[in-house]
K.L.:
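First the structure, then my questions, so here it is.
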2 protein chains.
Amino acid sequence: MTQKNRSLTLRDVSEASGVSEMTVSRVLRNRGDVSAATRDKVLTAAKELGYVPNKIAGALASQRVNLVAVIIPSLSNMVFPEVLSGISQVLEDTELQPVVGVTDYLPEKEEKVLYEMLSWRPSGVIIAGLEHTEAARAMLHASGIPVVEIMDADGDPVDAMVGISHRRAGREMAAAILKAGYRKIAFLGTKMPLDHRARKRFEGFTEVLAKSGVEVVDREFYSGGSALAKGREMTEAVLERSPDVDFIYYSNDMIGAGGLLYLLEKGIDVPGQIGLAGFNGVELLQGLPRQLATMDACRREIGTKAAEIIAARVNDVEKDGLITLAPTISFGDTLRDT
Amino acid sequence: MTQKNRSLTLRDVSEASGVSEMTVSRVLRNRGDVSAATRDKVLTAAKELGYVPNKIAGALASQRVNLVAVIIPSLSNMVFPEVLSGISQVLEDTELQPVVGVTDYLPEKEEKVLYEMLSWRPSGVIIAGLEHTEAARAMLHASGIPVVEIMDADGDPVDAMVGISHRRAGREMAAAILKAGYRKIAFLGTKMPLDHRARKRFEGFTEVLAKSGVEVVDREFYSGGSALAKGREMTEAVLERSPDVDFIYYSNDMIGAGGLLYLLEKGIDVPGQIGLAGFNGVELLQGLPRQLATMDACRREIGTKAAEIIAARVNDVEKDGLITLAPTISFGDTLRDT
DNA sequence: TATTGGAATGTTACCGCGATCAGTTGCGCG
DNA sequence: CGCGCAACTGATCGCGGTAACATTCCAATA
């Protein structure tokens with residue numbers, strides 16, 4: 001309990017309990033044979049001193065680090081905490097521990113964060129997206145540890161991959177919208193150079209529209225700010241510019257919700273006069289006056305699958321490393337279900 | 001680029017560039033005098049090999065770890081990512097790096113997470129709340145590193161503290177509500193044994209009401225699920241049970257928003273017939289049909305202040321370590337501003 | 001020319017722990 | 001009675017770096 005300033009070591013516990021450091025180490029790690037008597041002695045001494053093992057030294061000596069680097073663009077997007085929670089849940093049953101790095105959607109920052117994390121020699125990497133700088137891909141490749149790229153399935157992974165095809169998600173939503181009879185379709189989303197997955201959805205979306213000779217009649221992009229408010233503003237702007245719009249496809253549920261609230265306030269018939277759809281299926285939004293049409297991005301499942309792959313590979317178990325999940329459309333109350 | 005399976009060491013770079021390991025180390029850390037020629041040689045070799053320094057070894061040797069443990073209850077609460085972002089922003093300008101641990105509001109898990117993090121010998125700890133297990137407090141104390149407890153100011157910190165007084169927040173909200181003339185007041189919130197800050201707000205709240213001879217006429221608690229939907233459900237339940245309620249105080253903005261949407265749908269006059277208030281001032285919710293009355297919890301500022309304290313202490317700079325921020329009430333459109 | 005000092009580089013000794021191997025006991029069994 | 005083995009404990013070495021000190025070399029100075 002009494003503490004100078006230098007933190008305790010095995011030696012301190014060893015001296016306090018009258019056995020060798022090695023034996024203390026064995027007790028604390030529950031490894032090898034130790035008599036019940038010494039075990040108690042050691043544990044008591046350790047507790048009394050308030051000893052906390054030094055994982056840095058332990059990791060260096062054993063060449064094993066039970067950390068998994070998880071690299072994601074943002075924490076405020078809600079999507080990522082959900083993925084994280086899937087990862088944590090699976091890793092909880094192992095000796096592995098997730099460590100999160102945030103890139104703010106910036107490739108250079110991603111590279112930097114990755115470098116930092118790799119310098120701790122983690123047991124695996126879970127990283128969002130398939131697009132990385134050349135250097136980042138090289139590092140991942142050279143690291144020699146399991147790597148799972150998540151959230152996206154449109155592209156070539158360095159190693160393993162768990163995600164959905166956003167192109168397909170865009171295509172399916174477009175198909176559903178067309179099938180429901182909407183033709184004057186607008187798109188509202190984030191500025192996309194940063195967000196490859198939003199871009200791919202948009203590409204898939206326009207591709208299917210084009211096949212039916214339909215073009216997006218209006219579009220609007222935002223960045224930053226409160227998504228709900230932005231959805232409201234952008235919707236207002238679009239309706240002003242293009243009053244004949246009969247459907248709005250939002251690149252995420254949050255701005256979709258803003259749009260929905262706005263339209264309801266204006267007394268516009270949803271989905272009769274105007275249909276709406278978002279993307280992600282965020283649970284957060286249950287409780288809106290109407291349920292927004294959306295597409296589940298399988299976030300939690302992506303997290304669990306990715307963690308399972310890492311856990312398996314760390315234990316040298318072979319495991320399928322290319323998983324494409326199928327997002328399911330949910331019509332909610334804002335898209336006529338035909 | 002070519003990689004066996006064992007990762008590279010200084011020795012590899014040293015051999016590749018024909019200088020000693022020490023010199024390589026100096027170049028890579030930008031420390032000490034190295035001629036421009038050797039510097040180039042070394043950097044080239046390092047890049048070519050794809051060398052990533054081993055921080056584990058470095059940390060052990062130098063007895064310095066530039067990590068700051070940040071321990072919070074949850075990532076899905078929105079409040080915490082905001083605090084985190086404040087922390088990151090400040091640490092970005094230093095050599096320190098935040099590492100996040102999540103406790104799920106469970107004291108035992110907090111203790112476990114803390115133990116894990118301390119075993120990596122971080123340079124500092126930022127931890128939410130003032131309530132911890134005895135063992136956790138002991139560990140914090142014994143660690144000998146700067147500790148900042150955040151979000152709360154009602155209690156005694158182990159070391160430093162940055163937060164608001166939730167009791168006071170509750171009191172002020174109660175005063176504002178009474179002043180506006182409401183008397184039949186209901187409280188909706190989370191099940192509180194877990195959430196000390198919500199509990200303290202409630203305590204402060206009832207305390208002021210009591211002084212005016214007012215008692216909460218109804219209350220309801222939830223846990224889990226979509227906060228928006230819960231707010232809606234609970235509001236409905238309360239109105240059914242206590243139709244004469246004229247004000248509802250929610251323990252967070254999200255359930256408040258759910259209640260707001262419900263009341264508007266029902267055509268109830270807000271804030272005439274029923275007033276509403278939440279807590280937190282989440283930016284997310286700008287964009288609701290009406291702006292919910294709320295109280296800013298200074299989340300971002302808490303993050304920055306806490307990080308500044310850690311940064312200062314790490315560099316042995318003295319700095320005031322007891323900061324109580326003042327939350328400000330924002331009346332929005334759901335509380336009559338008298 | 002001898003001396004000095006600083007820049008550039010190398011050498012040595014750990015950092016705190018775990019893998020490995022080497023004892024030391026005690027006990028059952030032939 | 002001694003052998004073999006299991007149960008337990010300890011000593012040594014090295015993981016991959018860095019701090020601190022030692023050395024080399026050469027230009028500037030007296």
Side-chain angles (χ1 to χ4, degrees), chain A residues 4-43 45-46 49-66 95 116 118-123 143-144, chain B residues 4-43 45-46 49-66 95 116 118-123 143-144:
Chain A
K4 307 272 154 92
N5 55 4
R6 235 173 42 96
S7 85
L8 298 162
T9 73
L10 274 186
R11 158 160 252 108
D12 296 295
V13 183
S14 134
E15 282 169 2
S17 54
V19 298
S20 72
E21 302 174 32
M22 197 56 233
T23 301
V24 175
S25 169
R26 277 195 272 255
V27 170
L28 265 33
R29 285 177 302 140
N30 244 329
R31 196 148 310 187
D33 297 308
V34 182
S35 74
T38 34
R39 156 171 265 94
D40 285 348
K41 244 190 332 195
V42 169
L43 286 178
L49 292 170
Y51 173 70
V52 177
N54 186 330
K55 286 217 177 171
I56 299 189
L60 185 61
S62 67
Q63 301 284 318
R64 276 187 283 95
V65 183
N66 56 343
E95 53 174 8
E116 283 293 324
L118 288 182
S119 75
W120 288 101
R121 301 288 188 270
S123 295
S143 69
Chain B
K4 306 272 154 97
N5 55 4
R6 236 175 40 96
S7 86
L8 298 163
T9 74
L10 272 188
R11 159 160 252 108
D12 296 296
V13 183
S14 134
E15 281 169 1
S17 54
V19 298
S20 73
E21 302 174 31
M22 196 58 231
T23 302
V24 176
S25 170
R26 278 195 271 254
V27 170
L28 264 33
R29 284 177 304 143
N30 244 328
R31 195 149 309 184
D33 298 305
V34 181
S35 74
T38 33
R39 155 170 264 93
D40 285 349
K41 242 188 337 194
V42 169
L43 287 178
L49 292 170
Y51 173 71
V52 178
N54 185 331
K55 286 218 178 170
I56 299 191
L60 184 62
S62 66
Q63 302 285 317
R64 276 187 282 96
V65 182
N66 56 343
E95 52 174 9
E116 284 292 324
L118 287 182
S119 75
W120 288 101
R121 301 288 187 270
S123 295
S143 70

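In what follows, chains carry the letters A, B, and so on, assigned in the order in which the sequence lines appear, proteins first and then strands, with residues in each chain numbered from 1. The figures that follow rest on heavy atoms only: side chains count, while hydrogens, waters and symmetry mates do not. Source: prediction; values computed, not measured.
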K.L.:
Just how far, in rounded Å, is P of C/dC15 from NZ of B/K55?
P.N.:
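Those two atoms, NZ and P, are 23 Å apart.
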K.L.:
Between A/V13 and A/L49, is a side-chain contact (heavy atoms from CB on, under 4.5 Å) present by the stated rule, with each step listed?
P.N.:
CA-CA 7 Å; A/V13 183; A/L49 292 170; 4.1 Å; yes
K.L.:
When we call it a touch if two heavy atoms are under 4.0 Å apart, what does B/L60 touch: a base, just sugar-phosphate, or nothing?
P.N.:
base
K.L.:
For A/T9, does its backbone N or O pair with a side-chain atom of A/D12 as donor and acceptor, under 3.5 Å?
P.N.:
yes
K.L.:
Does the side-chain contact (heavy atoms from CB on, under 4.5 Å) test come out yes or no for B/V34 and B/T23, once each step is laid out?
P.N.:
CA-CA 7 Å; B/V34 181; B/T23 302; 4.3 Å; yes
K.L.:
Sequence neighbours excluded, which residues qualify as side chain to side chain contact (heavy atoms under 4.5 Å, CB included) partners of A/S14?
P.N.:
A/E21, A/V24
K.L.:
Does A/Q63 have a side-chain nitrogen or oxygen under 4.0 Å from the phosphate oxygens OP1 or OP2 of D/dG14?
P.N.:
no
K.L.:
Could you check how far CG of B/L28 sits from C1' of D/dG17, rounded to whole Å?
P.N.:
11 Å
K.L.:
Please report the C-alpha distance between B/R39 and B/V19 in whole Å, then the side-chain angles of each, then the deciding distance to 0.1 Å, and finally whether the side-chain contact (heavy atoms from CB on, under 4.5 Å) criterion is met.
P.N.:
CA-CA 10 Å; B/R39 155 170 264 93; B/V19 298; over 6 Å; no
K.L.:
Hey, does the side chain of B/S35 come within less than 4.0 Å of C/dT9's phosphate (OP1/OP2), counting only N and O?
P.N.:
yes
K.L.:
Which part of the nucleic acid, if any, lies within reach of B/N54 when heavy atoms closer than 4.0 Å are counted: base, sugar-phosphate only, or nothing?
P.N.:
sugar-phosphate
K.L.:
Can you sort out the partners of B/A61 under side chain to side chain contact (heavy atoms under 4.5 Å, CB included), two or more places apart, ordered by chain and number?
P.N.:
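Applying side chain to side chain contact (heavy atoms under 4.5 Å, CB included) to B/A61 gives none.
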K.L.:
Taking 4.0 Å as the cut-off, does a side-chain nitrogen or oxygen of B/T38 come that near to OP1 or OP2 on C/dT9?
P.N.:
yes
K.L.:
I need the residues from residues 14-27 of chain A with at least one non-hydrogen atom less than 4.0 Å from DNA chain C; give them sorted by number, or say none.
P.N.:
A/M22, A/S25
K.L.:
Using whole Å, what does the distance between atom C1' of nucleotide D/dA22 and atom CG of B/D33 come to?
P.N.:
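Answer to the nearest Å: 16 Å.
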K.L.:
Run the side chain to side chain contact (heavy atoms under 4.5 Å, CB included) test against B/S25 and tell me which residues pass, sequence neighbours left out.
P.N.:
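Expected list: B/L10, B/M22, B/R29.
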K.L.:
Has the side chain of B/S119 got a donor or acceptor atom that lies under 3.5 Å from a matching backbone atom of A/V52?
P.N.:
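It does not hold such a pair.
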K.L.:
Just do the side-chain contact (heavy atoms from CB on, under 4.5 Å) check on A/V27 and A/T38 with the steps written out, would you?
P.N.:
CA-CA 8 Å; A/V27 170; A/T38 34; 5.7 Å; no
K.L.:
Quick one: A/I56 CD1 to C/dC17 P, roughly how many Å, whole number?
P.N.:
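About 10 Å, once rounded to whole Å.
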K.L.:
When the distance from CG of B/L10 to P of D/dC15 is rounded to whole Å, what number comes out?
P.N.:
13 Å
K.L.:
Does A/E116 have any side chain to side chain contact (heavy atoms under 4.5 Å, CB included) partners at least two apart in sequence or in another chain, and if so, which?
P.N.:
B/K55, B/Q97
K.L.:
Can you measure A/R31 atom CZ to D/dA7 atom P for me and round it to whole angstrom units?
P.N.:
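Taking CZ of A/R31 and P of D/dA7, I get 18 Å after rounding.
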K.L.:
Nearest whole Å is fine: how far is D/dG10 C1' from A/R11 CZ?
P.N.:
13 Å
K.L.:
Within the pair B/Y51 and D/dG17, is there a side-chain N or O less than 4.0 Å away from OP1 or OP2?
P.N.:
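True: B/Y51 side-chain N/O within range (under 4.0 Å) of D/dG17 OP1/OP2.
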K.L.:
At under 4.0 Å between heavy atoms, what does B/R64 touch on the DNA or RNA strands: base, sugar-phosphate, or nothing?
P.N.:
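Answer is sugar-phosphate: B/R64 comes under 4.0 Å of backbone atoms only.
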K.L.:
Rounded off to whole Å, could you give me the CG-to-P distance for the A/D40 and D/dT9 pair?
P.N.:
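Taking CG of A/D40 and P of D/dT9, I get 12 Å after rounding.
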K.L.:
When the axes are fitted on five pairs at both termini, how much does the helix from C/dT1-D/dA30 to C/dG30-D/dC1 curve, in 10° steps?
P.N.:
50°
K.L.:
Would you please confirm or rule out a distance under 4.0 Å between OP1 or OP2 of D/dA19 and any side-chain N or O of B/R29?
P.N.:
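B/R29 to D/dA19 OP1/OP2: side-chain N or O found under 4.0 Å.
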